[in-house]
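Each remark here refers to the structure printed beneath this line.
Quick note on labels: first sequence line is chain A, next is B, and so on, each numbered from 1. Everything numeric in this text was worked out from a predicted model, so none of it was measured.
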Amino acid sequence: MRIFKPLVLGSFLLVFLSGCSALPVLDPKGPVGEAQKDLIFWSIALMLFIVAVVFALFTFMVVRYRERPGYETHEPEEMEGNIWLELLWTGVPVIIVVLLAVPTVNTIYQLEEPPSSTKEKEPLVIHATSADWKWFFSYPEQDIETVNYLHIPEDRPILFKLTSADSMAALWIPRLGGQEYNMNGMRTELFLQADEPGVYNGRNANFTGEGFTEQRFKVYAQKPEEFQKWVDKTQEKAPKLTKDKYDHMLLPGHVERQTFSSTHLQYVDHAKNAEYTVNVRERLGYDPEEESSH
Amino acid sequence: MKLDEFFVTGDPLIYGADVSIILSMIGVVFVLTKYKKWGWLWKEWLTTVDHKKLGIMYILSAVLMLFRGGVDALLMRAQLTMPETEFLDSTHYNEIFTTHGTIMIIFMAMPFLIGLMNVVVPLQIGARDVAYPFLNAVSFWTFFMGAMLFNISFVIGGSPGAGWTSYVPLAGNELSPGPGQNYYLLGLQVAGIGTLLTGINFLVTILKMRAPGMTLMRMPMFTWSSAITCIIIIFAFPVLTVALALMTLDRIFGTHFFTMVDGGMPMLWANLFWLWGHPEVYIVILPAFGIFSEVISTFSRKNLFGYKAMVYSMVIIAALSFVVWVHHFFTMGADASVNSFFSVTTMAISIPTGVKVFNWLFTMYKGRIKINTAMLWSLAFIPNFVIGGVTGVMLAMAAADYQYHNTYFLVAHFHYVLISGTVFACFSGLYYWYPKLFNHKLNETLGKWSFWLFMIGFNVCFFPMYFLGFAGMPRRVHTYAEGSGWFELNAVASVGGVMMGIGFVILVYNIYYSIRYEPRLTTGDPWDARNLEWATPSPVPYYNFAKIPEVRGLDEFWRMKKEGKKDLDLKKDKLEPIHMPDYSGVPVIMSTFLFISGFGLVFEWIWMGVAGAIGVVITMIMRSFDPDEGYHVEVEEIKEIEEHVRREEA
């Protein structure tokens, strides 16, 4: 035990010296991540209290009552227990659980709504669709679609409408907030928001097989004017997304970043049509059995 | 199917495994033949229904599986130590973490604990065997065959690679065709039969076979924990059986329970899996709690503090374990009310668990703590498990879990609870009860080396992973980019992994060393312990107790010793013939047919699946016509055996 404790303290120190900025979850850039960070720090504080109490008691018991010279013949008395002590260590944890449960439940409900700091603004709707092993971001109001990257305006809630063309994925942008599953044939929703411009890492956090590791994307949070400029330019310059092009991108594999001035939602909404991908792959002559034996 | 598809090819690691498997099989056959041990193997081990021998075989298999799962773990650490390593490709890495998780939970943790239950429970309750000794052998052999079926996947046909949770649609035929995933389904299905039978068998044993006078509230804590575990098994395992069967039907017979097309419901799998999976976690932790209770009480020379609270808290934990499963997928988009409910139930589990921790601490209060290897494992459990426990509470907070889910924070948490809970308990129990089985202790010096290396290595390996989670590293990625900031912590973790590996090797070497060099014991009670298993001589005669003891209180053997009536008095006590069950070859043969049937289904060779199933039915019919009356050990023979073991003791 004597070796163990400095070790723990040491690694704590090491990490905190290197700063929280290396830990995106503890250094978020938006109100959702911020709410989660507050909850995390609150829980860490309470948990450190518990750890301190148990470690102190543990050290005391082991040091004080271990068999040592002059103590070998001590014959301990039997003890049945102590109702007051036992009530104490039932009661205190109950209080701690309540102290954790209240803000937890509050935050769970709060995250169902757009962030309160920008509640006067209309959320920007983006459909985020995962397919093995890439991301499609469709902006239905702007009628544009991007692959493996997305632009968002800062200080405005983003409503992600999530679904998956095949295996279950999870959209996760640690600097902005927690993840939510993308599921084939289902629609889930996730509010996120960036409070400052920047480039943030996003990825699929839920294992989807062979190409899972590289199923990543970048989030470009911009000032509203710049975001609008990007939208205008994309609508003007980018090609249309044809059905054939989209279907081919549904074959398992990785693709480069791409930009289109129309969305795949005109062909299929995977939240409503769970069978689309399987049928397309069959039509295009893709044989999973053949692939997996390579 | 072509031969190069049947055998896994193209990877030097696999060829190495092929060679070592063939060599060790030749080695085993050679040794058995040379020393003419085939008959001995069949008569003494393969056909045994003796709970102690079955326990030993369970533990041996579990140690073997710990080795296999540990090698998987070290391969993963090797791959992740440096960024952008190309030691394993993603497919291979996926297979390795899948088999690591599955093997450690299903084929290591459970059998190790069930092995200890087999050895200890009948002795603790003063019984001569379990309620259904034949069924007990069936349990072991189905577990063993399930484990073998799962393990051959990496040389024949290819391993499953969809994670130990095997979420659909990824694990379905549409995205993962081929034999790999079938191995998962059938290996677990075959082994699951054994677990369910064990649950029934041990619950009946504990309810019906206790020595006279042993009321429920006089049962040793390990027996209590086993009883509650059995109840969880009986309620949870049928869910797994059904879930596996549905996915098997999907994959082999073209049904649509979990498919993407034709209205399948992939979310249903996640629910069924965790409806079993969460209780499963308590199946591997409650017996561990039982072991710690025995060891801490024995080596503090005190009875357990708050015995009743210990029992009730386990009952509450068992009940709660069935109403928390959604916390494994808070991010599935359930309603805020649903997530809130499951957050609170999950946090509530920490309350009875906390009660137990404080009761263990106060068991040591004013005691006289003897620190040996068995006790070290139990002591180390407390602080390490508390770290795992409090991070579990953090994960239970759904809103925060959206950030922890699928990350290394989660990986760190469940390794903290499963290693410092289950694995430490297995090792503690092994050191503690080993002398009961083999009449010598395990070496203390080697034991302490192995303990410190493993325990410190465990912290070095898994503590940094909490921070990897905060740093945004998801689990199950097979590599990471340079500049992602994850290199240093991963490198540290790998050092810890190696230390754990060395600790394990020393532990195994210790068994060999102790068999050869440790002095034989002259007493059946080397630890001055408290419960009835220590009232028997070591090694325990096959009928356990020449005369069934009468129990008058908790910690019965301790009380007997205080009153000076330490051992059976052969002159005064009247002995009666003992009725014992016959050994039987049916369990091993029946399970072999199950293996054949499972293997056929893995490759979708229906004829072979049916042939194996017919074999199972035939052995069942044979068994039904076997009167199996057992035999009686005559008083003369008991006297002879007892005098022999007791003369050695004196």
Side-chain angles (χ1 to χ4, degrees), chain A residues 3-4 7 11 15 22-26 36 39-40 43 47 50-51 54-55 57-58 61 65-67 74 76 78-79 81 86 89-90 93-94 97 100-101 104-105 107-109 111-112 166-168 170 174 178-181 184 188 205-210 213 274-275 278 288-289 292-293, chain B residues 5 90-91 163 167 169-170 174-175 177-178 260-261 301-303 305-306 309 331-333 336 339-340 343-344 347-348 350-351 354-355 357-358 361 364-371 382-383 386 390 394 397-400 402-403 405-406 456 459 463 467 470-472 474 476-479 485:
Chain A
I3 306 175
F4 166 67
L7 199 88
S11 43
V15 171
L23 303 176
V25 171
L26 301 183
Q36 288 163 332
L39 203 55
I40 290 170
S43 64
M47 294 300 117
I50 294 175
V51 168
V54 174
F55 277 39
L57 266 175
F58 177 79
M61 298 296 178
Y65 299 112
R66 76 182 193 286
E67 191 174 81
H74 165 77
E78 306 279 272
M79 282 180 211
E86 287 175 64
W89 59 63
T90 315
V94 169
V97 165
L100 288 173
T104 300
V105 172
T107 315
I108 293 173
Y109 276 91
L111 296 183
E112 299 275 291
D166 42 34
S167 52
M168 185 169 87
Q179 63 198 278
E180 186 89 3
Y181 284 157
N184 180 248
T188 46
N206 195 68
F207 178 59
T208 47
E210 191 191 328
T213 302
E275 309 190 355
V278 175
E289 199 122 10
S292 69
S293 65
Chain B
E5 284 172 18
S90 74
T91 306
Y167 274 7
L170 178 62
E174 291 151 328
L175 299 175
M260 291 194 278
V261 299
R301 297 181 73 82
K302 269 182 73 209
N303 59 342
F305 193 91
T331 54
M332 205 178 250
N339 279 357
S340 300
S343 276
V344 174
M347 284 186 227
S350 67
I351 298 166
V355 168
V357 169
F358 285 105
L361 285 172
M364 294 191 277
Y365 177 63
K366 291 196 173 170
R368 190 173 100 213
I369 304 170
K370 185 162 187 61
I371 296 182
I382 294 175
V386 165
V390 296
M394 292 167 71
M397 304 160 69
Y402 305 155
Q403 284 280 35
H405 187 58
N406 272 329
I456 294 171
N459 278 285
F463 203 78
F467 292 93
F470 287 137
R476 296 174 168 177
V477 290
H478 79 286
T479 189

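Using a 4.5 Å cut-off between heavy atoms, A:T208 contacts chain B through its backbone alone, with no side-chain atom that close. Both the backbone and the side chain of B:V355 come within contact range of chain A, each with at least one heavy atom under 4.5 Å from a heavy atom of that chain. For a residue to count as touching a neighbouring chain, one of its non-hydrogen atoms must lie under 4.5 Å from one of that chain's; by this rule A:N206 touches chain B with backbone and side chain alike. In this structure, the portion of A:V278 lying under 4.5 Å from any heavy atom of chain B is its side chain and not its backbone. Residue B:I371 touches chain A through its side chain alone, counting heavy-atom pairs closer than 4.5 Å. In this structure, the portions of A:E180 lying under 4.5 Å from any heavy atom of chain B include both its backbone and its side chain. Both the backbone and the side chain of B:F305 come within contact range of chain A, each with at least one heavy atom under 4.5 Å from a heavy atom of that chain.
Between chain B and the residues A:I50, A:I40, A:L111, the most heavy-atom pairs under 4.5 angstrom are made by A:I40. Counting heavy-atom pairs closer than 4.5 Å to chain B, the top residue among A:E86, A:E78, A:H74, A:Q36 is A:E78. Contact count against chain A (heavy-atom pairs under 4.5 Å) is highest for B:K302 among B:E174, B:K370, B:K302. With chain B as partner, the option from A:E67, A:M47, A:M61, A:Q179 having the largest number of non-hydrogen pairs under 4.5 angstrom is A:Q179. Ranked by non-hydrogen atom pairs under 4.5 Å with chain A, the options B:N303, B:V386, B:N339, B:V390 are led by B:N303. Between chain A and the residues B:G472, B:G485, B:G354, the largest count of heavy-atom pairs under 4.5 Å involves B:G472.
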Next item on the list: I would like to know whether B:M364 and B:I382 meet side-chain contact (heavy atoms from CB on, under 4.5 Å); could you show each step before the answer?
Entry: CA-CA 12 Å; B:M364 294 191 277; B:I382 294 175; 4.2 Å; yes
Checklist line | Test side-chain contact (heavy atoms from CB on, under 4.5 Å) applied to A:D166 and B:M260, step by step | finding: CA-CA 8 Å; A:D166 42 34; B:M260 291 194 278; 4.2 Å; yes
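Closest approach of B:A400 and A:L39 over heavy atoms only: N-CD2, 3.9 Å. Nearest heavy atom pair, residue B:A399 against residue A:T104, reads CB-O, 4.2 Å.
Using modelled atom types, no side-chain atom of B:S340 and backbone atom of A:V105 make a donor-acceptor pair closer than 3.5 Å. Between the side chain of A:S43 and the backbone N or O of B:M394 there is no donor-acceptor pair closer than 3.5 Å. At least one donor-acceptor pair closer than 3.5 Å links the side chain of B:S90 to the backbone N or O of A:E210.
A heavy-atom distance below 4.5 Å is not found between the side chains of A:Y65 and B:R301.
Taking the six-membered ring for Trp and thresholds of 30 and 60 degrees, B:F467 and B:F463 have ring planes inclined between 30 and 60 degrees apart.
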